[in-house]
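Heads up: the structure comes next, in C-alpha cells.
Both ligands and their constituent atoms are indexed starting at 1 by order of listing.
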Amino acid sequence: FTAPGTGWLAKLGPPGALAVGLLKVAGVGAARRGPELPQVAGSLAAGDAIFLPLYDHFLKHGGVFRLNLGPKSFVIVSDPDIAKHIPRDNSKAYSKGILAEILEFVMGTGLIPADGEVWRVRRRAIVPSLHQKFVTEMIGLFGKASDRLCQKLDKAALDGADVEMESLFSRLTLDVIGKAVFNYDFDSLSYDNGMVEAAYVTLREAEMRSTAPIPTWKIPIWKDISPRQRKVNEALVLINNVLDELISTCKRMVDEEDLQFHEEYMNEQDPSILRFLLASGEDVSSKQLRDDLMTMLIAGHETSAAVLTWTFYLLSKCPKVMSKLQAEVDDVLGDGLPTIEDVKKLKYTTRVINESLRLYPQPPVLIRRSLEDDMLGEYPIGRGEDIFISIWNLHRCPKHWDDADVFSPERWPLDGPNPNETNQKFSYLPFGGGPRKCVGDMFATFENVVATAMLVKRFDFQMAPGPPLVEMTTGATIHTTKGLNMTVSRRTKPPVIPI
Ligand code: HEM
C-alpha cells in the first residue's frame, strides 16, 4: 500500500542492468523471449516524492521500462494495458512482494499484504461485510463525525486562527474508521488519548519503514534498545490488547443476541465490520481477525484523509469549482445530517472527489512482484521482478487526458457512469482493479462526499496568507511536506445543524 522510497532498494529482488546482461549472454530466463525493456539509470533521495521523477522518465522512455538503481532494478509500468494485465488479467502470477515484507509487523496476514490461500479465504469473508445496508448506515456516522469537525472549525473561524487541515482530516477519518471497523470511538477530534497516540506511532512507523534507507528495525540489538522501536512495540501492544478486548466483548454479544445471520446482517447498536465477521460464524483465529481489523484501520484511514486534504487544496486554487460545488450543496442539503438520498443527488460533489483522486491518487503507486516469467506487452520479464504500477502516471498521461494537469470535475459528465477502472480502460484506477481491488471504494467515496459537502456548506476555505508552498512527500499516501494551512470563515448564511 506504500509508495516506494530509497529504503526499498535494500530489499528489491532482481538484479540490475549488469546482471541482466550476463543472463542474456548466458541465454537464460526472460532475456530470450523478446526485446529487452528500455533501461533507465536513476537515483533517489530519501524523503522525495519519488513518483515525480518517475513521471519524467515515463514521458521520455514510455509506458514500461526498467529503472536501475545501483545494483538493483525495478520495472515501472505506466501503460493502461499492462496496468490491466498485472492486477487483473494475470493476477495469479503476481504477489504483493516487498509490500507484504514491510507491513508484516503491523498487518500480519491481513488482507492487503496477504497472498495465496490466506488472502482468498479472508477476501471471501470480508467483502460481504461491506454490504449496501452497512454502507448506507455509515452515512449517519460520516455526518456525525463531519459535524464534530465543523464545530471545531467554528471556533477557529470565530478566533480568526489559521487551521492545519491535513491533521484534522486525519483525525476525522480515524474516528470514522475506528467506529466502522470495530465499533471503537477514538474521538480524536476532541482529545488525544493513548489509543490515538498509539495508532499514529504505528502508522508513522509503517511509513518510515517504507522510506528508510537502512532497515534499522531489523538490527538485533538496535531494535531492542532504540527508543523509537520501544515506543512502536509499546504502541502495538496497546492496540493489540484493545483489539483483543473488543473482539472478545463482541464475541460475547454475538453469542447472546437472537438476530439470525443473513446476507445483510447488521446489528443496529453495533453495525461494525467486526460484528458482521463474528456473527457470520466463520472459523477464524483471533490473531487473523486482529490482522484484518488493523489492515482495514490503516487502509481506510490514511487514504481518505489524503483525499480530503488534496481536495481542499485543489478547491482553494479553483474558486469557480468551489462556487459550483457550494451551489449544489446549498441546493441539496437541508438542515439535518445528509441522508443516502442527499448523497445520490450530490453529483457534482462526487465528480470533485473523482477528479481529486485522478490528480492525487492514494496510493500513487501499486506494488507487485512477479511469481513467474511473464510478458509485459512485447517485453519478457522473469520471476522475482519488483514492479511499480504508477497510478500517478496513468492519471496524468497527456496522451489520454485533455489538460491532464488541470483540476476539472467537468470532464466527468454528471449523468454519466461513475468513472472506474473498467469504463476508463485502466487509465483511471483510483481503487485498483481486478481481484485485489479496494473493498472500501463505495464506503470511502460516500465518506469523502459527505465530509466535503458538509464543510463547504458551512465554511469558505482559503490558503492561509504567507504559508509555505504546499509540496508533496511520499508516505503510504501523498502527504504535504508542511501541512495544509488554511483560513476558514463562516459563510454568510450559516445552516442550522441540529446536534
Ligand atoms: C485495496 C485505494 C479506502 C480497504 C486498495 C487498493 C487501492 C485502494 C488502490 C488496491 C491496492 C493494490 O492493488 O495493491 C483506496 C482509496 C481509499 C480507500 C483511494 C479512500 C479514498 C478504503 C477503505 C477501506 C479499504 C475505507 C476499508 C473499509 C482496502 C483493503 C484493500 C484495499 C482491505 C486490500 C484488498 C485486497 O487486497 O484484496 N485500496 N482505498 N480501503 N483497500 Fe482501499
Side-chain angles (χ1 to χ4, degrees), residues 1-4 77 83-84 86-88 91 94-100 102-103 107 109-116 118-127 129-131 134-135 138 141-142 169 172-174 176-182 272-274 276-277 291-311 350 353-354 356-369 387-392 394-395 420-421 426 428-452 476-478:
F1 217 70
T2 327
V77 171
K84 182 166 80 184
I86 296 171
R88 201 189 79 173
S91 63
Y94 294 88
S95 73
K96 288 286 181 101
I98 205 166
L99 191 70
I102 283 180
L103 295 178
M107 294 188 187
T109 55
L111 204 54
I112 285 182
D115 278 314
V118 174
W119 169 76
R120 208 180 52 79
V121 170
R122 296 316 296 152
R123 173 106 191 174
R124 237 189 10 217
I126 289 170
V127 168
S129 70
L130 286 120
H131 52 72
F134 167 78
V135 176
M138 288 300 105
L141 171 66
F142 304 151
F169 286 139
L172 168 73
T173 58
L174 181 64
V176 164
I177 203 75
K179 200 83 184 121
V181 174
F182 40 75
S272 68
I273 293 177
L274 171 61
F276 180 97
L277 292 176
D291 289 349
D292 290 332
L293 300 181
M294 199 62 199
T295 299
M296 279 188 279
L297 176 74
I298 295 178
H301 166 231
E302 290 278 290
T303 43
S304 281
V307 173
L308 288 169
T309 300
W310 292 105
T311 301
T350 309
I353 300 298
N354 299 145
S356 164
L357 269 165
R358 185 183 68 82
L359 286 172
Y360 293 92
Q362 317 290 351
V365 178
L366 297 185
I367 293 157
R368 293 293 189 273
R369 181 176 289 159
I387 298 169
F388 302 134
I389 302 170
S390 172
I391 309 188
W392 177 276
L394 286 156
H395 285 193
N420 60 33
E421 74 288 1
F426 277 74
Y428 179 75
L429 58 161
F431 294 103
R436 305 211 62 154
K437 185 175 173 174
C438 181
V439 300
D441 57 345
M442 193 50 82
F443 178 102
T445 305
F446 285 172
E447 177 186 14
N448 289 316
V449 165
V450 168
T452 303
T477 52
I478 308 172

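Geometrically, ligand 1 and Gln362 share no nitrogen or oxygen pair separated by less than 3.5 Å. Ligand 1 has no nitrogen or oxygen under 3.5 angstrom from a nitrogen or oxygen of Lys437. Considering backbone and side-chain atoms together, Thr295 places no N or O closer than 3.5 Å to any N or O of ligand 1. Checked against a 3.5 angstrom limit, the closest N/O atoms of Arg368 and ligand 1 fall inside it.
Counting the atoms of ligand 1 from 1 in the order shown, those under 4.0 Å from a heavy atom of Gly432 are 9 (C). Of all atoms in ligand 1, numbered sequentially from 1 with element shown, those under 4.0 Å from a heavy atom of Trp119 are 36 (C), 37 (O), 38 (O). Distances below 4.0 Å separate heavy atoms of Asn448 from the following atoms of ligand 1: 21 (C).
Classification of the Tyr360-Trp310 ring pair by plane angle, with boundaries at 30° and 60°, yields parallel.
Ligand 1 is never approached by Pro87 to a heavy-atom distance shorter than 4.0 Å. Assignment of Leu429 to the shell around ligand 1 is not supported, since no heavy atom sits closer than 4.0 Å.
Using a 4.0 Å cut-off between charged nitrogen and carboxylate oxygen, Asp115 and Arg436 count as a salt-bridge pair. For Arg88 and Glu421, the salt-bridge test fails: no basic side-chain N is under 4.0 Å from an acidic carboxylate O.
A donor-acceptor distance shorter than 3.5 angstrom exists from the side chain of Tyr428 to the backbone of Asn354, with no hydrogens or angles considered. His395 places a side-chain N or O within donor-acceptor distance of the main-chain N or O of Leu429, the cut-off being under 3.5 Å.
The proximity of Lys96 to ligand 1, defined as any non-hydrogen pair under 4.0 Å, is limited to the side chain.
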